[in-house]
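Here the structure is laid out as structure tokens; the discussion comes afterwards.
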Amino acid sequence: MQLYQNQTIRVHNSLTGKKEVFEPINEGHIGMYVCGPTVYSNVHLGNCRTFMSFDMIFRYFKHLGFKVRYVRNITDAGHLENDADEGEDKIAKKAKLEQIEPMEVVQRYTVDFHETLQKFNFLPPSIEPTATGHIIEQIEIIKEIIEKGFAYEVNGSVYFDVPKFNESNEYGKLSGRKLEDMITNTRALTAQDEKRSPQDFALWKKAEPQHIMRWPSPWGDGFPGWHLECTAMSTKYLGETFDIHGGGMDLKFPHHECEIAQSEASTGKSPVKYWLHANMLTLNGKKMSKSTGNNIYPSEMFSGDNSIMSKAYAPAVVRFFMMQAHYTSILDLSDDALLASEKGYHRLMDALECVDGLKTATTSDFDYKAWKQKCYDAMNDDFNTPILIAHLFDAVKRINLIKEGNESISQEDKSLLQTTLASFVYDILGIENQKAVKDDSSALSGVMELLIELRNEARANKDFATSDKIRDQLIALGIQLKDGKEGTTFSIN
RNA sequence: GGCAUCGUGGCCGAGUGGCUAGGCACAGCUCUGCAAAAGCUUGUACAGCGGUUCGAAUCCGCUCGAUGCCUCCA
């Protein structure tokens with residue numbers, strides 16, 4: 001008996017615009033694909049929020065006992081700069097600017113991506129395929145689409161015929177657009193002579209002689225179009241139809257729209273049952289942008305080496321901050337908001353640390369079983385982490401009340417509380433207790449015990465000058481003493 | 001200009017056709033040698049204008065504003 005059999009999960013499906021009951025195609029198994037980063041620069045915080053949302057979803061499914069195959073790709077080629085760019089691809093362009101090999105760029109930023117995600121305590125996906133590793137699969141899909149009559153070749157490039165596709169299918173159903181509207185609203189672009197219609201998109205681009213990233217194909221040397229890699233890799237590892245496709249809001253159009261078109265054109269099937277889109281992260285109310293300077297990298301957040309925040313923030317604090325908002329809402333990052341989250345994070349961690357030492361009684365003053373189900377209910381309702389966190393703080397309050405002797409808890413409920421908190425905080429939200437690590441040192445705790453003893457002796461002797469000196473100097477070192485009914489404890493900030 | 005999402009108290013951020021989100025900040029109280037921590041209590045709210053309704057912040061319309069997409073983008 002798996003946990004998921006007792007829970008009804010509802011997810012917001014972008015395709016229908018509604019919350020729907022989640023039922024996997026194959027019972028007990030979930031196939032999930034998320035569009036990964038293009039590794040041509042350091043990963044930025046907005047990226048991290050999207051991937052973090054799906055990391056949380058992945059974690060929750062696993063916790064419920066589903067067998068999840070989570071595929072998140074690395075885009076290391078085939079990312080067209082734009083239609084007017086003579087087919088130069090994003091990776092190759094960056095490489096030329098920096099005078100290094102394209103794969104060197106890929107390597108450098110893939111490493112940065114993994115390092116950053118590790119700091120944020122991400123679980124690795126089941127498969128992390130690269131676009132360049134799936135050129136053959138992409139070529140095969142292009143062949144199929146051409147055979148079905150939905151693509152055409154011009155001068156060594158292959159384009160998807162959107163108007164033709166729209167005759168038998170519905171192009172724009174995910175993003176709520178109509179082809180007719182797009183035609184009237186398309187701006188004039190240069191260098192699109194090859195395309196029969198401005199809405200058509202590249203499946204394969206011919207490589208000019210100086211172009212470094214190139215592969216042979218039935219249409220000559222070239223490289224794949226951006227939208228195709230996701231179709232190729234999701235189909236290969238998850239099948240022609242799979243459960244969940246995720247990504248950032250901004251990928252809805254054209255990227256995900258094109259993925260649907262490619263799949264429907266080649267297999268005749270709609271590829272995805274549930275489309276999930278994570279919303280944007282803004283910085284001080286404005287979109288993040290490198291050009292305006294309204295931008296901050298994860299490493300700058302962690303180090304405090306930036307002009308936007310007043311201090312450094314631990315990865316776990318940033319993660320907690322992001323989990324306090326629903327993944328479908330725009331979230332605004334600011335120093336004030338982070339400071340508030342940091343305090344909340346510490347309060348949560350402090351409470352978690354003292355659960356183990358709680359004294360038990362024969363009965364409980366609180367319905368912990370009902371509380372536990374509320375936590376599940378929150379997650380089941382489209383992964384509502386802010387509501388979950390509200391319930392977690394309810395537990396924090398309970399813990400503190402018990403600690404002060406104002407409420408009681410039974411042994412049975414205590415272990416339920418302990419395991420439930422660990423599951424939701426550490427396993428599902430993925431929030432680490434980054435200060436507990438320091439408390440491990442036995443030398444430190446020995447010293448602290450001694451200092452607390454000395455201070456309490458001084459207090460007993462009304463030598464407040466000494467006791468306050470100990471307390472104040474410890475504060476200056478970032479160690480806070482807490483006088484409770486059961487004695488004095490400390491925490492390191 | 002078109003499409004989409006949204007506009008909640010000092011800040012962040014949930015939710016809902018009538019009944020307390022939560023965190024942070026602020027104030028009072030309890031505890032304390034004094035603090036801190038913790039607990040208790042209180043206040044300020046649903047952009048504006050119309051409409052539907054017994055009743056709307058929640059549904060509809062308009063206005064204003066924000067963000068995203070429409071061109072690479074999580």
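Numbers restart at 1 for each chain; the letters A, B, ... are given by sequence-line order, proteins then strands. Side-chain atoms are counted along with the backbone in the values below, which use heavy atoms only and exclude waters and symmetry mates.
A donor-acceptor pair under 3.5 Å links the side-chain atoms of N384(A) to the main chain of I387(A), judged by distance alone. Remark: the backbone N or O of S491(A) is not paired with any side-chain donor or acceptor of Q480(A) at under 3.5 angstrom. Here the side chain of E257(A) pairs no donor or acceptor atom with the backbone of F253(A) at under 3.5 angstrom.
Nearest-nucleotide positions on RNA chain B place L333(A) closer to the 5' end than the other of L333(A) and P254(A). Residue-to-nucleotide proximity on RNA chain B shows that, of R459(A) and L251(A), the 5′-proximal contact is made by R459(A).
Atom NZ of K18(A) is surrounded by 12 or fewer heavy atoms from other residues, nucleotides or ligands within 6.0 Å.
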*asked:* Quick one, M322(A) with M56(A), criterion side-chain contact (heavy atoms from CB on, under 4.5 Å). Give me CA distance, side-chain angles, the key distance, then yes/no.
replied: CA-CA 11 Å; M322(A) 289 186 179; M56(A) 172 273 292; over 6 Å; no

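At a cut-off of 3.5 angstrom, the base of A38(B) holds no donor-acceptor pair with the side chain of N406(A). Checked by distance alone, R177(A) brings no side-chain donor or acceptor within 3.5 Å of a matching partner on the base of A4(B).
L281(A) comes within contact range of at least one nucleobase, with a heavy-atom separation under 4.0 Å. No engagement by A278(A) is indicated, since no non-hydrogen atom pair under 4.0 Å with the nucleic acid exists. Here S175(A) lies in heavy-atom contact (under 4.0 Å) with sugar-phosphate atoms only. At a threshold of 4.0 angstrom between heavy atoms, the contacts of G46(A) include nucleobase atoms, whether or not backbone atoms are also involved. When heavy atoms are screened at a 4.0 angstrom cut-off, F253(A) is found touching the sugar-phosphate backbone but no base atom.
D483(A) has a carboxylate O that lies under 4.0 Å from a charged side-chain N of R455(A), or vice versa, which qualifies the two as a salt bridge.
With contacts defined as side-chain heavy-atom distances shorter than 4.5 Å, the pair D365(A)/R398(A) does not qualify. Residues L123(A) and Y70(A) fail the side-chain proximity criterion, which asks for heavy atoms closer than 4.5 Å.
For A14(B), neither phosphate oxygen OP1 nor OP2 lies less than 4.0 angstrom from any side-chain nitrogen or oxygen of N384(A).
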Taking N or O atoms only and anything under 3.5 Å, show me the protein contacts with nucleotides 23-25 of chain B, one pair per line.
unit_1, atom_1, unit_2, atom_2, d
G23(B), OP1, R347(A), NH2, 3.2
C24(B), OP1, R347(A), NE, 3.1
A25(B), OP1, K343(A), NZ, 2.8

Just the atom pairs and distances: protein N or O near nucleotides 40-42 of chain B's N or O, under 3.5 Å.
unit_1, atom_1, unit_2, atom_2, d
C40(B), OP1, K397(A), NZ, 2.9

Shorter than 3.5 Å, N or O on both sides, protein versus nucleotides 5-7 of chain B: list them out with atom names.
none

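In this structure C6(B) sits in a base pair with G65(B), meeting the Watson-Crick or G-U test at under 3.5 Å.
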